[in-house]
Engineer: 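Got a structure for you, written out below as structure tokens; questions coming shortly.
None of these values were measured; they are calculated from a predicted model. Position 1 is the first residue of the sequence; numbering continues from there.
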Amino acid sequence: MGASDIAIRLKKRDPVTFGQISRNTIEGWIDRSSGNPRWKDSVLRRVENGHNPGHNKGGRQGILSRHPDVVESIKKRLTFLREGGATVNLITARAIIVATILHMKPDILEQKFKDGSTFRASDSFVRKFLHGLLSWSLRKATQAAQKLP
């Protein structure tokens with residue numbers, strides 16, 4: 001299996017982490033010095049130490065990646081609102097994300113990162129969450145859309 005095939009499989013398996021990965025990145029992970037291609041030792045060590053993809057091309061999964069139940073609950077709540085005809089804007093989405101985290105896993109909000117900061121549902125986080133997991137994009141209401149025929 002070539003690097004292009006591996007890239008395609010990775011994108012299908014985890015589009016959040018590997019959505020932007022290229023064949024060249026994967027080629028850098030493969031040791032072809034011997035006759036038989038194999039993963040480099042450094043890559044195998046990273047996998048053993050916590051599945052770090054070792055690239056900066058969309059590889060950050062985010063704080064919610066270890067909590068699929070929370071993510072699924074957030075997705076259901078947002079989808080329910082949207083299917084009911086309610087407007088889902090940045091403020092609404094952020095409120096649902098934070099409320100769900102507080103209800104299901106409040107320790108996520110207290111978790112410290114390496115730099116000493118804690119999780120914040122910033123505008124960019126909410127936009128990436130909506131776009132990456134639900135394929136939604138936030139749009140501004142237009143005056144023409146507000147008028148009834």
Side-chain angles (χ1 to χ4, degrees), residues 1-30 39-40 42-149:
M1 177 183 300
S4 296
D5 297 327
I6 294 171
I8 291 168
R9 284 190 176 195
L10 286 173
K11 288 176 185 180
K12 286 180 182 176
R13 185 174 182 183
D14 189 352
V16 173
T17 304
F18 298 108
Q20 299 296 316
I21 197 164
S22 70
R23 175 186 59 81
N24 293 334
T25 300
I26 295 170
E27 282 290 344
W29 295 345
I30 299 173
W39 297 113
K40 289 184 176 178
S42 60
V43 173
L44 295 174
R45 274 194 305 276
R46 280 196 308 263
V47 170
E48 288 174 9
N49 293 334
H51 308 286
N52 181 0
H55 63 86
N56 60 359
K57 297 173 177 62
R60 296 180 309 186
Q61 289 187 349
I63 194 162
L64 296 178
S65 64
R66 289 180 237 112
H67 306 285
D69 53 330
V70 175
V71 172
E72 195 57 38
S73 181
I74 293 168
K75 285 168 55 175
K76 283 181 185 176
R77 291 174 187 195
L78 290 169
T79 305
F80 177 78
L81 276 177
R82 189 166 177 193
E83 287 174 354
T87 302
V88 178
N89 58 21
L90 202 60
I91 296 167
T92 308
R94 179 184 295 117
I96 289 174
I97 291 170
V98 172
T100 305
I101 291 171
L102 279 171
H103 176 70
M104 296 180 74
K105 302 268 189 206
D107 55 309
I108 291 174
L109 299 174
E110 299 167 6
Q111 182 179 346
K112 297 267 188 200
F113 297 115
K114 291 178 183 177
D115 65 354
S117 64
T118 56
F119 171 73
R120 289 177 4 135
S122 63
D123 288 357
S124 63
F125 174 84
V126 175
R127 282 190 183 97
K128 288 175 186 174
F129 182 89
L130 294 174
H131 185 72
L133 295 174
L134 296 169
S135 298
W136 293 358
S137 59
L138 297 172
R139 298 198 175 126
K140 197 99 165 143
T142 63
Q143 196 170 18
Q146 295 171 358
K147 295 181 180 179
L148 296 175

Engineer: To the nearest 0.5 Å, tell me how far I8 CD1 sits from I21 CD1.
Structural biologist: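 It comes to 12.0 Å.
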Engineer: Please test I74 against L133 for side-chain contact (heavy atoms from CB on, under 4.5 Å), starting from the C-alpha separation and ending with a verdict.
Structural biologist: CA-CA 10 Å; I74 293 168; L133 295 174; over 6 Å; no
Engineer: Mind checking what makes salt bridge (Lys or Arg N to Asp or Glu O under 4.0 Å) contact with D123, not counting sequence neighbours?
Structural biologist: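 R94.
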Engineer: Mind checking the NE2-OG spacing from H131 to S124? Nearest 0.5 Å is all I need.
Structural biologist: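 That separation rounds to 13.5 Å.
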Engineer: How many angstroms lie between CD1 in I6 and CD in E27, if you round to the nearest 0.5 Å?
Structural biologist: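 The CD atom of E27 is 8.0 Å from CD1 of I6, to the nearest 0.5 Å.
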Engineer: Locate the shortest heavy-atom distance separating V88 from A93; write the atom from each residue and the value.
Structural biologist: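 For V88 versus A93, the nearest heavy atoms are CG1-CB, 4.3 Å.
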Engineer: Restricting to side chain to side chain contact (heavy atoms under 4.5 Å, CB included), what partner residues turn up for L138, sequence neighbours left out?
Structural biologist: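 Per chain and number, L138 pairs via side chain to side chain contact (heavy atoms under 4.5 Å, CB included) with L90, R127, L130.
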Engineer: Would you check if the side chain of S73 reaches a backbone N or O of D69 as a donor-acceptor pair within less than 3.5 Å?
Structural biologist: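 No; zero donor-acceptor contacts below 3.5 Å.
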Engineer: What distance do L10 atom CG and D5 atom CG have between them, rounded to the nearest 0.5 Å?
Structural biologist: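 These two atoms lie 11.0 Å from each other.
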Engineer: What's the shortest heavy-atom distance between V98 and A121, and which atoms?
Structural biologist: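 The pair with the smallest heavy-atom distance is CG2-CB, 3.8 Å.
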Engineer: Ignoring hydrogens and angles, tell me if any N or O in the side chain of K75 forms a donor-acceptor pair with the backbone of L134 under 3.5 Å.
Structural biologist: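 Judged by distance alone, no pair lies under 3.5 Å.
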Engineer: Could you pull out the closest heavy-atom pair between W136 and L78, with the gap in Å?
Structural biologist: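 Nearest pair, atom of W136 first, then L78: CH2-O, 3.5 Å.
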Engineer: Does the side-chain hydrogen bond (donor to acceptor under 3.5 Å, both in side chains) test come out yes or no for D115 and S117, once each step is laid out?
Structural biologist: CA-CA 6 Å; D115 65 354; S117 64; 2.7 Å; yes
Engineer: Taking only residues two or more places apart in sequence, or in another chain, which ones meet N24 in a side chain to side chain contact (heavy atoms under 4.5 Å, CB included)?
Structural biologist: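 Partners of N24 by the side chain to side chain contact (heavy atoms under 4.5 Å, CB included) criterion, ordered by chain and then number, come out as S22.
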Engineer: What closest approach, in Å, do G28 and K40 show between heavy atoms, and which atom pair accounts for it?
Structural biologist: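 Nearest pair, atom of G28 first, then K40: O-NZ, 3.0 Å.
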Engineer: Nearest 0.5 Å please: distance from the NE2 atom of H67 over to the OG1 atom of T100.
Structural biologist: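 It is 13.5 Å, given to the nearest 0.5 Å.
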Engineer: What's the separation between atom CD in Q111 and atom CG in L109, rounded to the nearest 0.5 Å?
Structural biologist: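 Interatomic distance, Q111 CD to L109 CG, rounded to 0.5 Å: 10.0 Å.
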Engineer: Looking only at heavy atoms, which two atoms of F119 and I108 are closest? And how far apart?
Structural biologist: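 Taking every non-hydrogen atom into account, CB-O, 4.0 Å.
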